Protein chains: 2
Amino acid sequence: MKVTKPTIKNIARAAGVSTATVSRALAYKNNLKPATAKRIRQIAQEMGYHKNVAASQLASNMTNTIAVIINYTQTDFWIGILNGILHRARELNHQVITFYAGDNDSRRLTQTVNEALEHQANGILMISGKMEQEQVNILSTAHMPYRLISIYNPEHRYVSSNNVEIGEQATNYLIKRGHRRIGLVGIDHYLTGQQRLFGYQRAMTEAGLPINPQWIHYGDYSYQDGKKLFSAIQDGSVTAVVAGSDMIGAGLIKAATQSGWRLPEQLSIISIDGSDICELTTPELTTVSQDFYQMGLTSVDNLLQDQPATFIPTTLIERDSVQTLPTEK
Amino acid sequence: MKVTKPTIKNIARAAGVSTATVSRALAYKNNLKPATAKRIRQIAQEMGYHKNVAASQLASNMTNTIAVIINYTQTDFWIGILNGILHRARELNHQVITFYAGDNDSRRLTQTVNEALEHQANGILMISGKMEQEQVNILSTAHMPYRLISIYNPEHRYVSSNNVEIGEQATNYLIKRGHRRIGLVGIDHYLTGQQRLFGYQRAMTEAGLPINPQWIHYGDYSYQDGKKLFSAIQDGSVTAVVAGSDMIGAGLIKAATQSGWRLPEQLSIISIDGSDICELTTPELTTVSQDFYQMGLTSVDNLLQDQPATFIPTTLIERDSVQTLPTEK
DNA sequence: CTGAAAGCGCTAACAT
DNA sequence: ATGTTAGCGCTTTCAG
């Protein structure tokens, strides 16, 4: 489909004015006769004109745009963040354009980071579970402000929950209810996972509880992995688990239920990172949640105001009818 | 944060060549000495250079970009579509940039459509439940190819499932199981909803079943509305319902369960538009599903190859342990 | 194989 | 209040 788009030149000709006047009219500048301005806009609309943002950006050297990179398409924990970003960005008269990198595909993430970098945004917000040094390097040498969202990385600017604290709170929740053999299921091999593991270890250690390495199982935060990982704990070696994400928690619950387990009698689960989906999937699930929406708001402020790295407060949400068994098997 | 980005001019100076040569080197053109090319790329990387896509587009008049507009941020049915789009777009060497319009906020949708239009994409894919004439007009007069995804609108190019068929299949599923008083809950007031309603009506009529207007309830496809709408059917006037979306279905199930109902004994539910979340929320739910991923693939092909409007095939997915009651109350 | 130069569509001084 | 003009950073002829 060959499409010839009208330009301000066409409009200028049609309106019998110069391109500068057209430009001014369309930008709602106040230094021209309202009547002319209105007439020009009228003509522009009739011609189905839309500004060529490339040319505009190039000429003005301004974009008022925030680029968001998302490295997940299977889980939806980032939707809350994105909503927050959108809200605050609009408030501050910024546009948001989003780039998807797929699911933890390193090569495509690199490619996507480069794509985002080529768009002359005011800055980049990066929502990704995994990041390799390569991508971080590209970002950090690219002369463009960026923030890692929900990714704690002490060497960079981030807006993240405190994963150590989250891991610790979740574990303590179970310990307080009498559990002694507590698993940690579905954390990743990267920093986030390591932090949560550290919090888990700290809670266990401070409670004087031993940790069995076989209680710790890695995954990719997905529902699928949650289901898979149930097999790793169905020998009954633990009475409770901290799920590395709500999707992991949901997967565990699904698999456990399918195996005929009754929850939470046979297994108590507390899940990290409750998103909205959490209520849906598992009303009985307790969640140590990040306030994702708030994280989005904060991210934009942090980026545009050039603030230092920051933590989002962690809150523990008990839902409906949670009653975990206060006894060890 | 004041950032001065390197340009090809800087690189040219640093490399002792002309900007033309730099441009060629970075575009991997084969008409220059490999050694020079490599050296230039090396320098570019060291300087943290990234192409200014605005300038590039302007000069070459090419973007190889597909713009996607999404008008939902609370439900996630579109993620499957987006994945399909991403996959096929990459295959065809196209970039995807995504614009979020929020949640059925007409003003913001208009704004977002305009933003997308200003980016010189090859075309626009629009995923939205509701669309008003205003936005459709803007799109259709903008000299840019576009497709409405999952929106049946005979006056425009669309890639959609056949909503009449979907409504009919779902209703027939319940009729075959012996239900006679069947509700339709949570459809919208727009074309999609009307089509599904029509299918429902056709199935009922062909089965010789009467339709009570009070069995039909409107909503916005959200989980929240599903919960709300349960009150509309809890008088027991229907023995089964077609849920207008899987989120509606999930909401109904949640509310019904909270009210102490046992499903499917007291109420059979079949849900339209099962996304992945569907399995998660309600393993016992039967779904008339669109293949969202396929819809994404098809959308890209359809757009880039300038094909006519098309329907995606509909499939009925029975999950796990569905056994609806074959008797009327 | 490389350089010089002419724009792409728009904005922003600077004139008038 | 409007027109003239010089670029923005890049690509792409056209020369050499």
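Letters go in sequence order (proteins before strands), and every chain restarts at 1. Since this is a predicted model, take the numbers as computed values, not measurements.
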Please tell me if [X] has a side-chain N or O lying less than 4.0 Å from either OP1 or OP2 of [N].
X: B:Lys29; N: D:dT11; value: no
X: B:Thr19; N: C:dG3; value: no
X: A:Ser60; N: C:dT11; value: no
X: A:Ser18; N: D:dT2; value: no
X: A:Ser23; N: C:dC10; value: no

Can you tell me which nucleotide in [options] comes closest to the side chain of [X]?
X: A:Asn52; options: C:dT11, D:dT11, C:dG9; value: C:dG9
X: A:Ala59; options: C:dT11, C:dT2, D:dG3; value: C:dT11
X: A:Ser56; options: C:dT11, C:dG3, D:dG9; value: C:dT11
X: B:Thr21; options: C:dT2, D:dG3, D:dC10; value: C:dT2
X: A:Lys33; options: C:dG3, D:dT4, D:dT2; value: D:dT2
X: A:Arg24; options: C:dG3, C:dC8, D:dG3; value: D:dG3
X: B:Ala20; options: D:dT12, C:dT11, D:dG9; value: D:dT12

Quick one: [X] [atom1] to [N] [atom2], roughly how many Å, whole number?
X: B:Lys9; N: C:dG3; atom1: NZ; atom2: C1'; value: 15 Å
X: B:Ile8; N: D:dC10; atom1: CD1; atom2: P; value: 5 Å
X: A:Arg13; N: C:dC10; atom1: CZ; atom2: C1'; value: 15 Å
X: A:Asn30; N: D:dT2; atom1: CG; atom2: C1'; value: 14 Å
X: B:Leu32; N: D:dT11; atom1: CG; atom2: P; value: 13 Å
X: B:Lys38; N: C:dC1; atom1: NZ; atom2: P; value: 16 Å
X: A:Gln57; N: D:dC10; atom1: CD; atom2: C1'; value: 14 Å
X: A:Asn61; N: D:dA6; atom1: CG; atom2: C1'; value: 15 Å

Salt bridge B:Arg147-B:Asp306, side-chain N to carboxylate O under 4.0 Å: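 Looking at B:Arg147 and B:Asp306, the cut-off is met.
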
Presence of salt bridge, B:Asp105 and A:Arg90, under 4.0 angstrom: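 Salt bridge between A:Arg90 and B:Asp105, a charged N being under 4.0 Å from a carboxylate O: no.
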
CZ on A:Arg24 to CD1 on A:Ile8, rounded to 0.5 Å: 10.5 Å

Contact nearer the 5' end of DNA chain C, comparing B:Asn31 with A:Ala54: B:Asn31

Ring centre gap for A:His119 and A:Phe99 strictly below 6.0 Å: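 Judged by ring-centre distance (under 6.0 Å), A:His119 and A:Phe99 do meet the cut-off.
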
Sugar-phosphate only, base, or nothing, as touched by B:Val53 at under 4.0 Å among non-hydrogen atoms: nothing

Sugar-phosphate, base or nothing in reach of B:Val22, heavy atoms under 4.0 Å: nothing

Side chain A:Asn163, main chain A:Gln195, donor-acceptor under 3.5 Å: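 No: the side chain of A:Asn163 does not pair with the backbone of A:Gln195.
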
Candidates A:Ile149, A:Ile127, A:Val300 - the one meeting side chain to side chain contact (heavy atoms under 4.5 Å, CB included) with A:Val68: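 The option that passes is A:Ile127.
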
